[in-house]
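Predicted model, so just to flag it, every value in this text is computed and none were measured. Throughout, numbering of the chain's residues begins at 1 and tracks the sequence.
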Amino acid sequence: MKFSSNLLFFVLVIIVSCDSSKNSKKSSLKVADQQIETIKTDNITFRSQGINLAGTIYTPENPDAALVIVHGSDSVPRMPKFARSLAEKNILVLTYDKRGVGESGGIYAGPEVGTNNISIENLNLLAKDANAAADAIKKEHEKLPIGLIGFSQAGWVIPIAAENNSAIQFMVIFSGPTITTLEQLRFQFYTNGRANFWDNHTQEDALYHMKNDPDRYQFEATDPKQVLSQLSIPGLWIFGEKDIQIPVKLGIQHLNTLKANSKSYDYLLFPELGHNTAFTKTSEPFDISIRWIKEKVSNIK
(Lines give C-alpha, C1' and ligand atoms only; values in the text may rest on other atoms or scores of the structure.)
Protein backbone atom coordinates (compact mmCIF):
# COMPACT_ATOMS: atom_id res chain seq x y z
CA MET A 1 0.00 0.00 0.00
CA LYS A 2 2.80 2.37 0.79
CA PHE A 3 4.34 1.76 -2.64
CA SER A 4 0.98 2.37 -4.35
CA SER A 5 0.45 5.62 -2.46
CA ASN A 6 3.83 6.92 -3.46
CA LEU A 7 3.17 5.92 -7.05
CA LEU A 8 -0.19 7.70 -6.97
CA PHE A 9 1.46 10.82 -5.58
CA PHE A 10 4.12 10.66 -8.32
CA VAL A 11 1.45 10.39 -11.02
CA LEU A 12 -0.44 13.33 -9.54
CA VAL A 13 2.73 15.43 -9.56
CA ILE A 14 3.26 14.62 -13.24
CA ILE A 15 -0.36 15.52 -14.08
CA VAL A 16 -0.14 18.80 -12.17
CA SER A 17 3.21 19.60 -13.83
CA CYS A 18 1.80 18.84 -17.27
CA ASP A 19 -1.25 21.00 -16.59
CA SER A 20 1.00 23.81 -15.41
CA SER A 21 3.12 23.45 -18.54
CA LYS A 22 0.01 23.55 -20.74
CA ASN A 23 -1.31 26.59 -18.91
CA SER A 24 2.09 28.26 -19.25
CA LYS A 25 2.11 27.58 -23.01
CA LYS A 26 -1.46 28.90 -23.33
CA SER A 27 -0.45 32.05 -21.46
CA SER A 28 2.54 32.50 -23.75
CA LEU A 29 0.32 32.06 -26.80
CA LYS A 30 -2.14 34.61 -25.42
CA VAL A 31 0.68 37.11 -24.90
CA ALA A 32 1.94 36.49 -28.43
CA ASP A 33 -1.59 36.92 -29.80
CA GLN A 34 -1.97 40.15 -27.88
CA GLN A 35 1.30 41.43 -29.32
CA ILE A 36 0.22 40.55 -32.85
CA GLU A 37 -3.19 42.14 -32.32
CA THR A 38 -1.52 45.48 -31.55
CA ILE A 39 -0.59 45.66 -35.25
CA LYS A 40 -3.22 47.71 -37.02
CA THR A 41 -3.93 47.02 -40.71
CA ASP A 42 -5.44 49.54 -43.11
CA ASN A 43 -6.19 48.95 -46.78
CA ILE A 44 -5.41 52.07 -48.80
CA THR A 45 -5.17 53.36 -52.35
CA PHE A 46 -2.74 56.02 -53.53
CA ARG A 47 -2.08 57.72 -56.85
CA SER A 48 0.97 57.20 -59.03
CA GLN A 49 1.36 58.46 -62.59
CA GLY A 50 -2.36 58.74 -63.18
CA ILE A 51 -3.46 55.39 -61.72
CA ASN A 52 -4.53 54.04 -58.33
CA LEU A 53 -2.29 51.54 -56.55
CA ALA A 54 -3.85 49.40 -53.82
CA GLY A 55 -2.03 48.26 -50.71
CA THR A 56 -2.10 47.63 -46.98
CA ILE A 57 -0.35 49.51 -44.19
CA TYR A 58 0.74 47.49 -41.15
CA THR A 59 1.16 49.77 -38.13
CA PRO A 60 2.60 48.57 -34.80
CA GLU A 61 1.72 50.49 -31.66
CA ASN A 62 4.87 52.63 -31.53
CA PRO A 63 6.86 52.17 -34.76
CA ASP A 64 10.55 53.06 -34.88
CA ALA A 65 10.66 53.41 -38.66
CA ALA A 66 8.70 52.79 -41.85
CA LEU A 67 9.36 50.60 -44.88
CA VAL A 68 7.89 50.29 -48.36
CA ILE A 69 8.22 46.81 -49.87
CA VAL A 70 9.42 47.00 -53.48
CA HIS A 71 8.65 44.07 -55.78
CA GLY A 72 10.85 41.77 -57.79
CA SER A 73 10.28 41.23 -61.50
CA ASP A 74 7.21 38.99 -61.41
CA SER A 75 3.55 40.02 -61.30
CA VAL A 76 3.61 40.35 -57.52
CA PRO A 77 0.64 41.31 -55.32
CA ARG A 78 1.05 42.82 -51.87
CA MET A 79 3.06 40.67 -49.43
CA PRO A 80 1.15 40.36 -46.14
CA LYS A 81 3.31 37.67 -44.50
CA PHE A 82 6.57 39.55 -45.02
CA ALA A 83 4.93 42.85 -44.07
CA ARG A 84 3.61 41.42 -40.82
CA SER A 85 7.02 39.93 -39.99
CA LEU A 86 8.51 43.42 -40.32
CA ALA A 87 5.68 45.03 -38.36
CA GLU A 88 6.26 42.58 -35.51
CA LYS A 89 9.75 44.12 -35.31
CA ASN A 90 8.14 47.50 -34.62
CA ILE A 91 8.34 48.81 -38.20
CA LEU A 92 5.42 50.40 -40.03
CA VAL A 93 5.10 48.74 -43.44
CA LEU A 94 3.31 49.56 -46.67
CA THR A 95 2.98 46.69 -49.14
CA TYR A 96 1.05 47.17 -52.36
CA ASP A 97 -0.04 45.28 -55.45
CA LYS A 98 2.37 45.92 -58.29
CA ARG A 99 0.89 48.01 -61.09
CA GLY A 100 -1.37 45.89 -63.27
CA VAL A 101 -1.61 43.23 -60.55
CA GLY A 102 -4.35 42.50 -58.02
CA GLU A 103 -6.35 45.59 -57.19
CA SER A 104 -3.81 48.06 -58.61
CA GLY A 105 -4.44 49.87 -61.86
CA GLY A 106 -2.02 50.27 -64.74
CA ILE A 107 -0.39 47.70 -67.00
CA TYR A 108 2.06 45.07 -65.80
CA ALA A 109 5.19 44.67 -67.93
CA GLY A 110 7.11 41.40 -68.10
CA PRO A 111 8.39 38.64 -70.40
CA GLU A 112 5.37 36.43 -69.67
CA VAL A 113 3.13 39.06 -71.31
CA GLY A 114 5.64 39.87 -74.05
CA THR A 115 6.95 43.20 -72.76
CA ASN A 116 10.32 44.45 -71.50
CA ASN A 117 10.15 44.94 -67.74
CA ILE A 118 13.79 46.06 -67.41
CA SER A 119 13.65 48.89 -69.89
CA ILE A 120 14.67 52.29 -68.56
CA GLU A 121 11.07 53.43 -68.98
CA ASN A 122 9.58 50.60 -66.91
CA LEU A 123 12.19 50.70 -64.15
CA ASN A 124 11.66 54.44 -63.77
CA LEU A 125 7.90 53.93 -63.69
CA LEU A 126 8.20 51.31 -60.93
CA ALA A 127 10.50 53.66 -59.02
CA LYS A 128 7.82 56.36 -59.22
CA ASP A 129 5.30 53.88 -57.80
CA ALA A 130 7.66 53.14 -54.87
CA ASN A 131 8.07 56.87 -54.29
CA ALA A 132 4.31 57.40 -54.31
CA ALA A 133 4.04 54.70 -51.63
CA ALA A 134 6.75 56.40 -49.55
CA ASP A 135 4.94 59.73 -49.93
CA ALA A 136 1.70 58.11 -48.73
CA ILE A 137 3.50 57.10 -45.53
CA LYS A 138 5.21 60.48 -45.15
CA LYS A 139 1.87 62.25 -45.37
CA GLU A 140 0.58 60.47 -42.26
CA HIS A 141 3.84 59.80 -40.38
CA GLU A 142 6.07 62.77 -41.05
CA LYS A 143 8.60 62.06 -38.29
CA LEU A 144 9.25 58.39 -39.06
CA PRO A 145 12.47 57.53 -40.93
CA ILE A 146 11.38 55.86 -44.18
CA GLY A 147 13.26 53.20 -46.10
CA LEU A 148 12.76 50.89 -49.06
CA ILE A 149 13.17 47.13 -48.89
CA GLY A 150 12.97 44.82 -51.89
CA PHE A 151 14.11 41.85 -53.86
CA SER A 152 15.95 41.05 -57.09
CA GLN A 153 14.74 43.59 -59.70
CA ALA A 154 14.33 46.06 -56.84
CA GLY A 155 18.13 46.36 -56.98
CA TRP A 156 17.58 48.62 -59.98
CA VAL A 157 14.29 50.21 -58.85
CA ILE A 158 15.19 51.22 -55.29
CA PRO A 159 18.26 53.38 -56.07
CA ILE A 160 16.31 55.23 -58.78
CA ALA A 161 13.49 55.88 -56.33
CA ALA A 162 15.86 57.00 -53.57
CA GLU A 163 17.65 59.41 -55.89
CA ASN A 164 14.36 61.15 -56.65
CA ASN A 165 12.81 61.24 -53.18
CA SER A 166 14.51 62.93 -50.24
CA ALA A 167 12.09 61.18 -47.88
CA ILE A 168 13.93 57.88 -48.48
CA GLN A 169 16.61 57.56 -45.79
CA PHE A 170 17.87 53.96 -46.10
CA MET A 171 17.51 50.89 -48.31
CA VAL A 172 17.73 47.10 -47.93
CA ILE A 173 18.08 44.94 -51.05
CA PHE A 174 17.91 41.13 -51.13
CA SER A 175 19.76 39.60 -54.12
CA GLY A 176 19.72 42.80 -56.12
CA PRO A 177 22.02 43.44 -59.11
CA THR A 178 24.66 46.17 -59.18
CA ILE A 179 25.40 45.53 -62.86
CA THR A 180 23.63 46.89 -65.94
CA THR A 181 20.42 45.36 -67.20
CA LEU A 182 22.09 44.09 -70.37
CA GLU A 183 24.95 42.50 -68.42
CA GLN A 184 22.32 40.83 -66.25
CA LEU A 185 20.63 39.27 -69.25
CA ARG A 186 23.94 37.92 -70.56
CA PHE A 187 24.64 36.30 -67.20
CA GLN A 188 21.18 34.74 -66.96
CA PHE A 189 21.33 33.40 -70.51
CA TYR A 190 24.65 31.76 -69.67
CA THR A 191 23.52 30.15 -66.39
CA ASN A 192 20.25 29.19 -68.12
CA GLY A 193 18.49 28.39 -64.85
CA ARG A 194 20.72 25.40 -64.10
CA ALA A 195 20.58 24.74 -60.36
CA ASN A 196 23.95 22.94 -60.48
CA PHE A 197 25.62 25.69 -62.53
CA TRP A 198 28.25 26.50 -59.90
CA ASP A 199 29.21 22.83 -59.60
CA ASN A 200 30.62 23.00 -63.13
CA HIS A 201 31.68 26.64 -63.62
CA THR A 202 34.00 29.16 -62.01
CA GLN A 203 33.31 32.81 -61.29
CA GLU A 204 35.96 33.79 -63.84
CA ASP A 205 34.29 31.67 -66.51
CA ALA A 206 30.86 33.19 -65.84
CA LEU A 207 32.16 36.75 -65.76
CA TYR A 208 34.04 36.26 -69.03
CA HIS A 209 30.87 35.16 -70.78
CA MET A 210 28.82 37.88 -69.16
CA LYS A 211 31.17 40.59 -70.42
CA ASN A 212 31.75 39.15 -73.89
CA ASP A 213 28.63 37.33 -75.06
CA PRO A 214 26.58 39.23 -77.66
CA ASP A 215 23.32 40.84 -76.55
CA ARG A 216 20.18 39.03 -77.67
CA TYR A 217 18.15 42.21 -77.21
CA GLN A 218 18.95 45.81 -78.03
CA PHE A 219 17.75 48.51 -75.66
CA GLU A 220 19.26 51.24 -73.53
CA ALA A 221 20.76 49.77 -70.38
CA THR A 222 20.23 50.94 -66.80
CA ASP A 223 23.43 51.09 -64.75
CA PRO A 224 22.68 51.23 -60.99
CA LYS A 225 26.27 52.19 -60.19
CA GLN A 226 25.67 55.64 -61.67
CA VAL A 227 22.88 56.32 -59.18
CA LEU A 228 24.59 54.55 -56.28
CA SER A 229 27.64 56.75 -56.72
CA GLN A 230 25.42 59.80 -56.15
CA LEU A 231 23.33 58.63 -53.20
CA SER A 232 24.26 59.57 -49.65
CA ILE A 233 21.93 57.22 -47.75
CA PRO A 234 23.01 53.91 -46.16
CA GLY A 235 22.26 50.64 -47.95
CA LEU A 236 22.45 46.93 -47.18
CA TRP A 237 22.71 44.17 -49.80
CA ILE A 238 22.16 40.52 -48.91
CA PHE A 239 23.53 37.91 -51.33
CA GLY A 240 23.57 34.14 -51.74
CA GLU A 241 26.80 32.78 -53.22
CA LYS A 242 24.95 30.11 -55.24
CA ASP A 243 22.80 32.69 -57.03
CA ILE A 244 22.32 31.91 -60.73
CA GLN A 245 20.27 35.05 -61.45
CA ILE A 246 22.86 37.69 -60.56
CA PRO A 247 26.69 37.58 -60.56
CA VAL A 248 27.19 38.03 -56.83
CA LYS A 249 30.98 38.30 -56.75
CA LEU A 250 30.96 41.08 -59.33
CA GLY A 251 28.20 42.83 -57.40
CA ILE A 252 30.35 42.75 -54.29
CA GLN A 253 33.32 44.16 -56.23
CA HIS A 254 31.18 47.11 -57.31
CA LEU A 255 29.98 47.72 -53.76
CA ASN A 256 33.56 47.61 -52.45
CA THR A 257 34.52 50.23 -55.01
CA LEU A 258 31.62 52.42 -53.88
CA LYS A 259 32.53 51.86 -50.22
CA ALA A 260 36.11 52.94 -51.00
CA ASN A 261 34.58 56.21 -52.18
CA SER A 262 32.98 56.76 -48.76
CA LYS A 263 29.55 55.33 -49.54
CA SER A 264 27.74 53.85 -46.54
CA TYR A 265 27.01 50.52 -48.21
CA ASP A 266 27.14 47.18 -46.42
CA TYR A 267 26.67 43.66 -47.72
CA LEU A 268 26.43 40.10 -46.46
CA LEU A 269 27.21 36.92 -48.38
CA PHE A 270 25.61 33.60 -47.41
CA PRO A 271 27.62 30.75 -49.01
CA GLU A 272 24.80 28.17 -49.00
CA LEU A 273 22.00 30.37 -50.34
CA GLY A 274 20.94 31.09 -53.91
CA HIS A 275 18.81 33.91 -55.29
CA ASN A 276 16.15 33.52 -52.62
CA THR A 277 17.83 35.19 -49.65
CA ALA A 278 14.72 36.78 -48.12
CA PHE A 279 12.46 33.74 -47.66
CA THR A 280 14.60 30.87 -46.47
CA LYS A 281 14.49 28.12 -43.86
CA THR A 282 16.91 30.15 -41.78
CA SER A 283 15.80 33.53 -40.44
CA GLU A 284 19.37 34.82 -40.27
CA PRO A 285 19.25 37.11 -43.34
CA PHE A 286 15.97 38.63 -42.13
CA ASP A 287 17.20 39.00 -38.54
CA ILE A 288 20.44 40.67 -39.64
CA SER A 289 18.55 43.09 -41.87
CA ILE A 290 16.35 44.08 -38.92
CA ARG A 291 19.37 44.73 -36.69
CA TRP A 292 20.96 46.80 -39.46
CA ILE A 293 17.77 48.84 -39.91
CA LYS A 294 17.49 49.51 -36.19
CA GLU A 295 21.10 50.69 -36.07
CA LYS A 296 20.72 53.02 -39.06
CA VAL A 297 17.41 54.39 -37.79
CA SER A 298 19.02 55.12 -34.44
CA ASN A 299 21.76 57.07 -36.22
CA ILE A 300 19.20 58.95 -38.32
CA LYS A 301 17.18 59.95 -35.27
Side-chain (Arg291) to main-chain (Lys294) donor-acceptor, under 3.5 angstrom: no
Any donor-acceptor pair under 3.5 Å from Thr115 side chain to Pro111 backbone: no
Residues, nucleotides or ligands: over 12 heavy atoms within 6.0 Å of Tyr208 OH: no
Exam field: side chain Asn116 to backbone Ser119, donor-acceptor pair closer than 3.5 Å: yes
Chi angles and distances behind the side-chain contact (heavy atoms from CB on, under 4.5 Å) call for Thr257, Asn261: CA-CA 7 Å; Thr257 298; Asn261 289 314; 4.2 Å; yes
Residue pair Asn43 / Thr56, side-chain donor-acceptor N/O under 3.5 Å: yes
Nearest non-hydrogen partners of Leu125 and Gln49, listed with the distance: CD1-CG, 3.8 Å
Atom pair CD1 (Ile120) and OG1 (Thr222), whose distance is rounded to the nearest 0.5 Å: 4.0 Å
Heavy-atom closest pair, residues Ala221 and Thr181: CA-OG1, 3.4 Å
side-chain contact (heavy atoms from CB on, under 4.5 Å) assessment of Arg216 paired with Phe189: CA-CA 9 Å; Arg216 300 191 189 184; Phe189 282 131; 3.4 Å; yes
Throw together a table of side-chain donor-acceptor distances under 3.5 angstrom for residues 132-139, partners on residues two or more places apart or in other chains.
from	atom 1	to	atom 2	distance (Å)
Asp135	OD1	Asn165	ND2	3.1
Lys138	NZ	Glu142	O	2.8

Greater than 12 external heavy atoms within 6.0 Å of Glu112's CD: yes
Rounded distance (nearest 0.5 Å) linking atom CD1 of Ile51 with atom CZ of Phe46: 9.0 Å
Check ion pair Lys40-Glu61 (N to O, under 4.0 angstrom): no
side-chain contact (heavy atoms from CB on, under 4.5 Å) between Ile57 and Leu92, intermediate numbers included: CA-CA 7 Å; Ile57 293 181; Leu92 182 147; 4.0 Å; yes
Considering all heavy atoms, the nearest Val113-Tyr108 contact: CG2-O, 3.8 Å
Backbone of Gly72 reached by a side-chain donor or acceptor of Lys98 within 3.5 Å: yes
Shared hydrophobic cluster for Val172 and Leu228 (ILVMFWY, side-chain gaps under 4.5 Å): no
Expected output: side-chain Asn90 to main-chain Asn62 donor-acceptor under 3.5 Å: yes
Side-chain donor-acceptor distances from residues 152-162 under 3.5 Å, at least two apart:
from	atom 1	to	atom 2	distance (Å)
Ser152	OG	His275	NE2	2.8
Gln153	NE2	Asn117	O	3.4
Trp156	NE1	Ile179	O	2.9

Cluster link Trp292 to Leu269, ILVMFWY, side chain under 4.5 Å: no
Backbone N/O of Phe279 and side chain of Asn276: donor-acceptor pair under 3.5 Å: yes
Heavy-atom neighbours of Ile300 CD1 exceed 12 at 6.0 Å: yes
Salt bridge (Lys or Arg N to Asp or Glu O under 4.0 Å) assessment of Asp97 paired with Arg78: CA-CA 4 Å; Asp97 298 336; Arg78 70 196 78 178; 2.9 Å; yes
Single hit among Tyr267, Tyr265, Phe270 for ring-ring contact (aromatic ring centres under 6.0 Å, His included) with Trp237: Tyr265
Gap between atom CD of Glu88 and atom CD1 of Ile290 - 0.5 Å precision: 10.5 Å
Carboxylate-amine/guanidinium proximity below 4.0 Å for Arg99 and Asp129: yes
Point-to-point distance, once rounded to the nearest 0.5 Å, from CD1 of Ile149 to OG1 of Thr95: 11.0 Å
Main-chain N/O of Ile244 paired with Thr191 side-chain donor or acceptor, under 3.5 Å: yes
Sidechain N-carboxylate O distance under 4.0 Å for Asp266, Lys259: yes
Side-chain ion pair, Lys242 and Glu272, N-O less than 4.0 Å: yes
Straight-line distance of Asp213 CG to Leu182 CG, nearest 0.5 Å: 12.5 Å
Taking every non-hydrogen atom, the tightest pair across Pro224 and Pro177: CG-O, 4.0 Å
Centroid-centroid distance, Phe239 to Phe174, less than 6.0 Å: no
Minimum-distance pair of heavy atoms, taken over all atoms of Val101 and Pro77: CG1-N, 3.8 Å
Plane angle bin for Tyr190 and His209 - parallel if under 30°, tilted between 30 and 60°, otherwise perpendicular: parallel
Whether His141 side chain and Ile146 backbone form a donor-acceptor pair below 3.5 Å: no
Side-chain (Ser85) to main-chain (Lys81) donor-acceptor, under 3.5 angstrom: yes
Distance (rounded to the nearest 0.5 Å) between Met171 CE and Leu67 CG: 13.0 Å
Verdict with supporting geometry, Phe82 and Tyr58, ring pair (Phe, Tyr, Trp, His ring centres under 6.0 Å): CA-CA 11 Å; Phe82 187 64; Tyr58 291 75; over 10 Å; no
Side chain Asp215, main chain Tyr217, donor-acceptor under 3.5 Å: no
Residue pair Ser289 / Leu236: nearest heavy atoms and the distance that separates them: CA-CD2, 3.9 Å
Derivation and outcome, side-chain hydrogen bond (donor to acceptor under 3.5 Å, both in side chains), residues Gln188 and Gln245: CA-CA 6 Å; Gln188 284 187 253; Gln245 302 298 318; 2.7 Å; yes
